[in-house]
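In what follows, a single structure is set out as structure tokens and then discussed.
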Amino acid sequence: MLRRGSDGGRTTPLRVDAQRNLEHVLRAAREVFGELGYGAPMEDVARRARVGVGTVYRRFPSKDVLVRRIAEEETARLTDQARTALGQEDEPWSALSRFLRTSVASGAGRLLPPQVLRVGVADEGEEFADARVPQQRQSAAGSPDLRLVEQRGIPADEVDDSGVAALLEVVGRLVERAREAGELRPDVTVSDVLLVIATAAPSLPDAAQQAAASARLLDILLEGLRSRPGR
């Protein structure tokens, strides 16, 4: 196994124990951030991983680096889930609902990158309070136009635009197919779909209760997304 540098590049191979610690830290970070959000302290991650906080900082020199790693992995996972739904479901609504059910069941809503959840619709020239946000607006032809808006004072390398853009593109295809088939409300956007994933993934202390609550809430949200005669 090759070690990743802080810039994402490859360096020297990790020792077995170091690789094991890295896996424990990443697993713990997913659990802690999933339960408490990205505001959870590094000490909580170290405690869950059963390593010293110094071990965490040796692998990730700042909390931002660890958050970026988890967020990028979650973005890639969601993108793969969306592509799988597109490739294996012929019916547009089945593809969209499969993606949502898979994503919610995996707890993705609690680990969506912050810049993906900072969504909004705005006119040209409007300023945003968020650092870097995906935005969906209608183009002149009426089709969704997805873009990332960079804000003042935020370095361009703070977020992985390529990963976020890939996620937005593939989810946009799911949304557009379902809309063209008349099965999705015409006012539903990619942002709405991502918010459904976040909303339908509550963090509850009991795993069985959490799964049941997520499934029930997602059923309700899917009904709200679906097009109905007369709407």
Side-chain angles (χ1 to χ4, degrees), residues 4 6 8 21-51 56 59-60 62-85 96-120 130-134 146 148 158-172 174 190-218 221-222:
R4 293 179 59 179
S6 60
N21 284 341
L22 174 60
E23 292 171 355
H24 288 169
V25 168
L26 290 173
R27 185 181 305 111
R30 283 184 57 83
E31 293 174 358
V32 170
F33 292 148
E35 294 169 8
L36 304 176
Y38 283 119
M42 294 282 265
E43 289 77 8
D44 284 2
V45 174
R47 191 176 303 113
R48 185 72 60 91
R50 297 183 178 181
V51 298
V56 179
R59 297 300 309 128
F60 301 95
S62 73
K63 180 181 171 183
D64 288 344
V65 174
L66 177 57
V67 166
R68 189 181 307 119
R69 172 72 176 268
I70 298 298
E72 288 176 356
E73 289 183 351
E74 197 61 28
T75 300
R77 184 176 291 105
L78 282 168
T79 302
D80 288 342
Q81 291 171 350
R83 286 174 176 156
T84 297
L96 179 60
S97 60
R98 171 176 173 164
F99 166 63
L100 287 171
R101 291 188 187 282
T102 301
S103 300
V104 170
S106 69
R110 295 185 297 278
L111 288 168
L112 279 170
Q115 68 268 26
V116 170
L117 287 179
R118 292 169 182 160
V119 296
D130 296 314
R132 199 175 183 89
V133 297
L146 299 176
L148 289 171
E158 283 296 310
V159 293
D160 178 12
D161 281 353
S162 61
V164 172
L167 174 62
L168 293 175
E169 189 275 333
V170 69
V171 175
L174 285 167
V190 171
S191 298
D192 295 326
V193 170
L194 294 174
L195 288 174
V196 164
I197 295 174
T199 303
S203 180
L204 300 175
D206 181 77
Q209 184 184 18
Q210 178 175 295
S214 292
R216 172 65 175 162
L217 183 54
L218 181 56
L221 293 172
L222 283 171

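The figures that follow rest on heavy atoms only: side chains count, while hydrogens, waters and symmetry mates do not.
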Worksheet entry | Given V51, L22, V65, L66, the one that forms side-chain contact (heavy atoms from CB on, under 4.5 Å) with R59 | L22
Discussion item. Please give me the minimum heavy-atom distance between A200 and V104, naming the atom from each residue.
Written reply: O-CG1, 3.0 Å
Worksheet item: Of all residues at least two apart in sequence or in a different chain, which pass the side-chain contact (heavy atoms from CB on, under 4.5 Å) check with A108?
Response: E74, L78, S103, S106, I197
Worksheet item: Roughly how far apart are L100 CG and L221 CG, rounded to 0.5 Å?
Response: 9.0 Å
Practice prompt. Would you mind checking if R27 and E31 are paired as a salt bridge, meaning a charged N to carboxylate O distance below 4.0 Å?
Written response: no
Discussion item. Side chain to side chain contact (heavy atoms under 4.5 Å, CB included) for V45 and K63? Distances and angles first, verdict last.
Written reply: CA-CA 10 Å; V45 174; K63 180 181 171 183; over 6 Å; no
Worksheet, complete the sentence: Taken to the nearest 0.5 Å, the spacing of L218 CG from L222 CG works out to 4.0 Å
Worksheet entry | Residues in salt bridge (Lys or Arg N to Asp or Glu O under 4.0 Å) contact with E35, at least two apart in sequence or another chain | R48
Worksheet item: Can you tell me how far the CZ atom of R110 sits from the CG atom of L112, to the nearest 0.5 Å?
Response: 10.5 Å
Item to complete: For the residue pair L111 and R77, establish whether any side-chain heavy-atom pair is separated by less than 4.5 Å.
Response: no
Worksheet, complete the sentence: Rounded to the nearest 0.5 angstrom, the CZ-CG distance for R69 and D64 is 15.5 Å
Worksheet item: Among all residues two or more places apart in sequence or in another chain, which pass the salt bridge (Lys or Arg N to Asp or Glu O under 4.0 Å) test with R98?
Response: E89
Worksheet item: Listed by chain and number, what are the side-chain contact (heavy atoms from CB on, under 4.5 Å) partners of A40, not counting sequence neighbours?
Response: V32, F33, L36
Item to complete: State the CD1-OG1 distance between I70 and T75, to the nearest 0.5 angstrom.
Response: 11.0 Å
Discussion item. My understanding is that only residues two or more places apart in sequence, or in another chain, count here; which of them pass salt bridge (Lys or Arg N to Asp or Glu O under 4.0 Å) with R83?
Written reply: none
Item to complete: Quick one: list whatever passes side-chain contact (heavy atoms from CB on, under 4.5 Å) with R47, sequence neighbours left out.
Response: E43, D44
Discussion item. Side chains of M42 and V56, heavy atoms from C-beta outward: is any pair under 4.5 Å?
Written reply: yes
Item to complete: Side-chain contact test, heavy atoms from C-beta onward, threshold under 4.5 Å: evaluate it for L174 versus V170 and give yes or no.
Response: no
Worksheet item: Do L26 and F60 touch side chain to side chain, with heavy atoms closer than 4.5 Å?
Response: yes
